[in-house]
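Remarks on the structure that follows.
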Amino acid sequence: MFNLVIFGPPGAGKGTQSEKIIEKYQLAHISTGDMFRMHISNDTELGQKVKQILADGLLVPDSVTIEMLEDEVSRNPDAKGFIFDGFPRTVPQAEALDAFLKGKGYKIDLVLQLDVNQEVITERIAERQKISGRADDDASKLIKRIDEYFSKTIHVLPYYQNQDKVVKINGIGKINDIFENISNAIDTSMA
Ligand code: AMP
């Protein structure tokens with residue numbers, strides 16, 4: 001079992017790099033953002049509960065997010081490992097994930113921090129919105145999401161740094177070059 005967290009602000013390239021990691025390492029991908037969007041488009045009870053929160057660019061409450069995440073992990077008992085994309089986004093989420101994995105005899109093995117500056121984030125998200133049409137990629141909502149990142153999510157980094165699990169990856173450049181650095185970090189951690 002190899003468990004990886006891919007960490008970075010909105011627009012850092014977490015989704016793009018996750019796809020490449022899954023293909024190469026056959027890990028199960030868990031993106032809480034994708035899961036919430038799926039609930040919203042299927043108009044489930046959970047979807048109705050979180051729809052406005054996502055539209056406003058705010059974080060969904062920890063209790064709701066953690067429960068959804070744990071259900072998803074439990075639904076994949078045969079996975080070789082997981083890549084957590086967009087989770088944890090708060091320190092209580094990180095603590096809950098550690099406790100949950102520990103209960104199953106697992107742990108987080110590696111945290112990849114995708115390092116990008118604000119200028120690049122803004123450019124990439126403006127591009128993405130043309131294709132994805134994601135309402136929360138709208139400039140005014142993006143400001144809220146970046147606020148949430150710097151007020152709440154950034155604290156997840158020292159949490160994992162204290163456990164000596166973080167490898168920082170330059171997230172600016174060609175997708176394949178970034179992926180090569182990611183692969184090297186994963187291979188070193190797996191060795
Ligand atoms: P993402 O696709 O990861 O950018 O997530 C889109 C939106 O889903 C976020 O702006 C939040 O509203 C919600 N979301 C995703 N993951 C989490 C999480 N771990 N904790 C709280 N809210 C989340």
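Order of listing sets the numbers, starting from 1, for every ligand and every atom in it.
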Using only heavy-atom distances, determine whether the side chains of Y25 and D187 contain a donor-acceptor pair under 3.5 Å.
yes

Just list the N/O pairs, ligand 1 to protein, that are under 3.5 Å apart, with the distance for each.
{"residue": "ligand 1", "atom": "2 (O)", "partner": "R37", "partner atom": "NH1", "Å": "2.9"}
{"residue": "ligand 1", "atom": "2 (O)", "partner": "R37", "partner atom": "NH2", "Å": "2.9"}
{"residue": "ligand 1", "atom": "3 (O)", "partner": "R89", "partner atom": "NH1", "Å": "3.0"}
{"residue": "ligand 1", "atom": "3 (O)", "partner": "R89", "partner atom": "NH2", "Å": "3.2"}
{"residue": "ligand 1", "atom": "4 (O)", "partner": "R89", "partner atom": "NH2", "Å": "3.2"}
{"residue": "ligand 1", "atom": "4 (O)", "partner": "R134", "partner atom": "NH2", "Å": "3.3"}
{"residue": "ligand 1", "atom": "12 (O)", "partner": "L58", "partner atom": "O", "Å": "2.5"}
{"residue": "ligand 1", "atom": "16 (N)", "partner": "T32", "partner atom": "OG1", "Å": "2.8"}
{"residue": "ligand 1", "atom": "16 (N)", "partner": "G86", "partner atom": "O", "Å": "3.3"}
{"residue": "ligand 1", "atom": "16 (N)", "partner": "R89", "partner atom": "NH1", "Å": "3.0"}
{"residue": "ligand 1", "atom": "19 (N)", "partner": "G86", "partner atom": "O", "Å": "2.9"}
{"residue": "ligand 1", "atom": "19 (N)", "partner": "Q93", "partner atom": "OE1", "Å": "3.0"}
{"residue": "ligand 1", "atom": "20 (N)", "partner": "Q93", "partner atom": "NE2", "Å": "2.9"}
{"residue": "ligand 1", "atom": "22 (N)", "partner": "V60", "partner atom": "N", "Å": "3.0"}

When you check the gap from the basic side-chain N to the acidic O, do E127 and R124 get nearer than 4.0 Å?
no

Side chain to side chain contact (heavy atoms under 4.5 Å, CB included) partner of F7, the single match among D115, I169, L157, V166:
L157

List in chain and number order the residues that pass salt bridge (Lys or Arg N to Asp or Glu O under 4.0 Å) with R37, two or more places apart in sequence or in another chain; answer none if no residue qualifies.
D34

Can you name the residues that form a side-chain hydrogen bond (donor to acceptor under 3.5 Å, both in side chains) with Q129, not counting sequence neighbours?
none

Partners passing side chain to side chain contact (heavy atoms under 4.5 Å, CB included) against N42 (at least two apart in sequence or in another chain):
M38, T44

